[in-house]
K.L.:
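I have a structure I would like to understand better, so I am pasting it below and will then ask my questions one at a time.
Reminder, nothing fancy here: chain letters follow the sequence lines and each chain counts from 1. Bear in mind the structure is a predicted one, so any value in this text is a computation, not a measurement.
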Amino acid sequence: MNSAFDQIEFLLNDELVVLKDVNPNTTVLSYLRDSAGKIGTKEGCASGDCGACTVVLAEPNGNKLRYSTINSCIAIIPAVNGKQVLTIEALKSDNRLHKVQTAMVENHGSQCGFCTPGFVMSLFALKKNALEKSEKGEESISANMEEIEEALSGNLCRCTGYRSIVDAAKQSLESDEKDQFQRIESETIQRLRDIDGDHQTFSPKKIEKLADLLLAYPKATMLAGGTDLGLLITQNLVQFDVVIYLGKVKGLQILEVAEDQINIGASVSYTQSHSVIKNEYPDWGRMMTRLGSLQIRNLGTIGGNIGNASPIADMPPVLIALNASITLQLGKQEREIPVEDYYIDYKVTCQQESEFIRTIHIPRSNPDYELKIYKISKRFDDDISAVLGVFNVKLVDGVVNDVSIAFGGMAAIPKRAVNSELALKGQPWNQETIDKAKLALGTDYSPLSDMRASADYRMTVAQNLLQKCYLELSQPDLNVNVLSFEAKAVDRDA
Amino acid sequence: MRSLPEINSLAKKNPSHVGTALAHESAEKHVSGEAIYVDDERDIAGQLHGAIGRSTVAHGIIKSLDLDAVRKAEGVHLVITAKDVPGHIDIGPVFPGDSVLVESKVEFYGQAIFAVAADSLELAQRAVQLAKIEYEVLEPILNVKQALKQSSFVRPVHEQARGDAVKAISEAANQLQGELVVGGQEHFYLEGQVSRAIPGEDGDMSILTSSQHPAEVQKLVSEVLGLSINQVTVEVRRMGGGFGGKETNAAPWACVAALLAAKQGVP
């Protein structure tokens, strides 16, 4: 039997919900549809891909609310503890449609209508965030195309096509008149702050409490964003016994740029850490906008991406190539290890029972090095990598002074290309050297064939990515990077 | 019939409608989440939820089918196999050859073998996993070349020709050759396949489904249950996408729901 999560409290639209002895394996979507009767939110793929189940979480952020979209189908109920869950039912007020709803109607943004509530919630979050930026004076209310595309990247529509929905997004961003949520914003913040978490055993606030809890329950499952855990529950019908929610642990929420390194707490979401990473490592920042969808990035964490130990995770190869490290904590004991040493075998790590990832330490960018990251996936947005290649290269006078290369999707663990690095180090940066290093990749990896790619394809593409890295660094004017938004737009117009 | 409106009356009354875009009649319901799809219907008292046990091999003969653990699983009320079909087993919509539940020979991976009705969808899905099925595994045919080699055709060969293509090509000044592979994909509708069957009086059955072809659902449900067509009512309020994938393939789900509902006497 499941040991129940003792208590979960949250606002569902404007109503306070207190759930006692909850099965922590309940998804937010099944709670909404089957228990709360909120059937406006739809189940499409049940695996966090299609966005039909999108709902919005509101959390206090200073004296404002921060709105973010999530996939309710794979979010499990402990993850909404202390937050406000906004569903499509909350958007109408006084029987009148919200501006984003009107915009969808007027721009013909729905046909079969099944994906529509999810799109509307994504547009709603986009509008709320754009409004906040404009209030802060950061920019005008109108979002640019890049922001609109990002906001909609996690919602799929088959009938209507996206043009009319993008038009609806543009129209909905034209006005900055207040909506019902702004009028009671400070009241909502107070209500969320009043939710007292002290008697919630499985959602600790202090890191010491988390450490003790893990000693008491060594087999407990740690829940950060839950974007992988949720899939195990909905797709593999796995049930977890004890679930400990990390999202309220203050010590895991740090996000700081120190003199020599960036420190990111294990439960900081991708979206939050992106704000820091994109400034330090632009290529990494661009890659992160292609990791899952916005809904996934709003929940998922770098800590979880490391700890889940998937061979196709996107963060570990970057962290390995940058020589990043992590601090692990067991009881009161802390130890710092390179990310590279964390992985032992397929889904096996050196993390011990009761131990948890506390902080990720990323070196500051070094102007002598060039970091190149390439994500290869079938779809541009919202897809899992077949291969992810990371090259961190230091060239001095046309010679490879230092290089580290790491790949995801090429082995049972995220792994460095040691032989290829050896073939490059100390050698002139020319085609001959690259050809040798490409051959060496064949000895570094023996990839698998699966539904994402064949072994041959993976090896060929890995070698071609090294070639691409060479071309980009030796001929900076060559436009071989389609990651930039401008290139994307050109590609789509063509 | 005299009260029928003229087809062009709208345009005549208000010529400005012509060429103007009008909002979808359900648009306001779509954007507010108020449009009701099959899965959004509230449960009726006593309603059970179905799940289908599927083949885990692509091609084979079922040697033994042990469903004891499935029947004993938490929340399970009913388990049915092909033996429980009172009427036709074949529900091929245009040509025969599709069994509602496999009798002995599995012809594709994921083919429906048995169905479970339980207190919730989750319990039904869990119960399905407990089946013990042994197969005599046969070699599957996975591509066109292999099928041609083994002369394995879905339908009799149909040839459509004009002139003498072989001769024309051999005499042509230029010849190109190549191969084209079309990667077929399942239709992607956001709303999955879904049906609800409600038993009525005199063995009648009422079906709420997401189908592009309700009349065919009506015919096939009446056939598997051994009813006359007028005993089956089919309602389609709206679909969350279909794209042809719910033209014929919505029917098996409706048939299974109807078989479970008829046998158990509850929706």
K.L.:
With side chains defined as the heavy atoms from C-beta onward, is the minimum distance between B:Asp40 and A:Lys42 less than 4.5 Å?
P.N.:
yes
K.L.:
Atom CD in B:Glu41, atom CD1 in A:Ile39: separation rounded to 0.5 Å?
P.N.:
8.0 Å
K.L.:
Might you point out which heavy atoms bring A:Cys159 and B:Phe243 nearest each other, and give the distance in Å?
P.N.:
SG-CZ, 3.8 Å
K.L.:
Can you confirm whether A:Arg183 is buried at CZ, in the sense that more than 12 heavy atoms of other residues, nucleotides or ligands lie under 6.0 Å from that atom?
P.N.:
yes
K.L.:
Between A:Gly37, A:Gly44, A:Ser110, which has the largest tally of heavy atom pairs under 4.5 Å with chain B?
P.N.:
A:Ser110
K.L.:
With a 3.5 Å distance limit and no angle check, can you tell me whether A:Arg33 reaches the backbone of B:Asp39 through a side-chain donor-acceptor pair?
P.N.:
yes
K.L.:
Return yes when atom NZ of A:Lys128 has more than 12 non-hydrogen atoms of other residues, nucleotides or ligands closer than 6.0 Å, and no otherwise.
P.N.:
yes
K.L.:
Looking at CZ of B:Arg42 and CG of A:Asp34, how far apart are the two atoms once the value is rounded to the nearest 0.5 Å?
P.N.:
10.5 Å
K.L.:
For chain B, which of A:Ala52, A:Gly40, A:Cys112 has the most heavy-atom pairs under 4.5 Å?
P.N.:
A:Cys112
K.L.:
Looking only at side-chain N and O atoms, does A:Thr116 offer a donor or acceptor that is under 3.5 Å from a partner on B:His30?
P.N.:
no
K.L.:
Please find the pair of heavy atoms, one from B:Phe188 and one from A:Arg158, that lie closest to each other, and give the distance.
P.N.:
O-CG, 2.8 Å
K.L.:
Below 4.5 Å from any heavy atom of chain A, which atoms of B:Glu191 appear? Answer side chain, backbone, both or neither.
P.N.:
both
K.L.:
Please flag which part of A:Glu43 lies under 4.5 Å from any non-hydrogen atom of chain B: side chain, backbone, both or neither.
P.N.:
backbone
K.L.:
Do you know which two heavy atoms are closest between B:Tyr37 and A:Phe114, and how far apart they sit?
P.N.:
OH-N, 3.2 Å
K.L.:
Does B:Glu74, at its CD atom, have more than 12 non-hydrogen atoms belonging to other residues, nucleotides or ligands within less than 6.0 Å?
P.N.:
no
K.L.:
What are the two closest heavy atoms between B:Ala21 and A:His108, and how far apart are they?
P.N.:
CB-NE2, 3.3 Å
K.L.:
Heavy-atom count check: over 12 atoms from other residues, nucleotides or ligands less than 6.0 Å from B:Gln125 CD?
P.N.:
yes
K.L.:
Could you tell me which non-hydrogen atom of A:Val105 sits nearest to which non-hydrogen atom of B:Ala23, and how far apart they are?
P.N.:
CG1-CB, 3.8 Å
K.L.:
May I ask you to check whether over 12 heavy atoms, not counting those of B:Tyr109, lie within 6.0 Å of atom OH?
P.N.:
no
K.L.:
Can you see which heavy atom on B:Gly33 is nearest to which on A:Ile88, and at what distance?
P.N.:
N-CG1, 3.8 Å
K.L.:
Side chain, backbone, both or neither: which part of A:Val120 has an atom under 4.5 Å from a heavy atom of chain B?
P.N.:
side chain
K.L.:
Is the CG atom of B:Leu130 crowded by more than 12 outside heavy atoms at less than 6.0 Å?
P.N.:
yes
K.L.:
Examine whether an atom of B:Ser32 lies under 4.5 Å from a heavy atom of chain A, and if so say whether it belongs to the side chain, the backbone or both; otherwise answer neither.
P.N.:
both
K.L.:
Please indicate whether A:Arg96 has more than 12 foreign heavy atoms, meaning atoms of other residues, nucleotides or ligands, lying under 6.0 Å from its CZ.
P.N.:
no
K.L.:
Report which part of A:Asp49 has an atom under 4.5 Å of a heavy atom belonging to chain B: side chain, backbone, both, or neither.
P.N.:
neither
K.L.:
Once you round to the nearest 0.5 Å, how far does CD of B:Glu122 lie from CD1 of A:Ile233?
P.N.:
9.5 Å
K.L.:
Heavy-atom count check: over 12 atoms from other residues, nucleotides or ligands less than 6.0 Å from B:Arg237 CZ?
P.N.:
no
K.L.:
Just give me the residue among A:Gln111, A:Met121, A:Glu89, A:Met104 that pairs up with chain B most often, heavy atom to heavy atom, under 4.5 Å.
P.N.:
A:Gln111
K.L.:
Which bit of A:Leu91 comes within less than 4.5 Å of chain B, counting heavy atoms only: side chain, backbone, both or neither?
P.N.:
neither
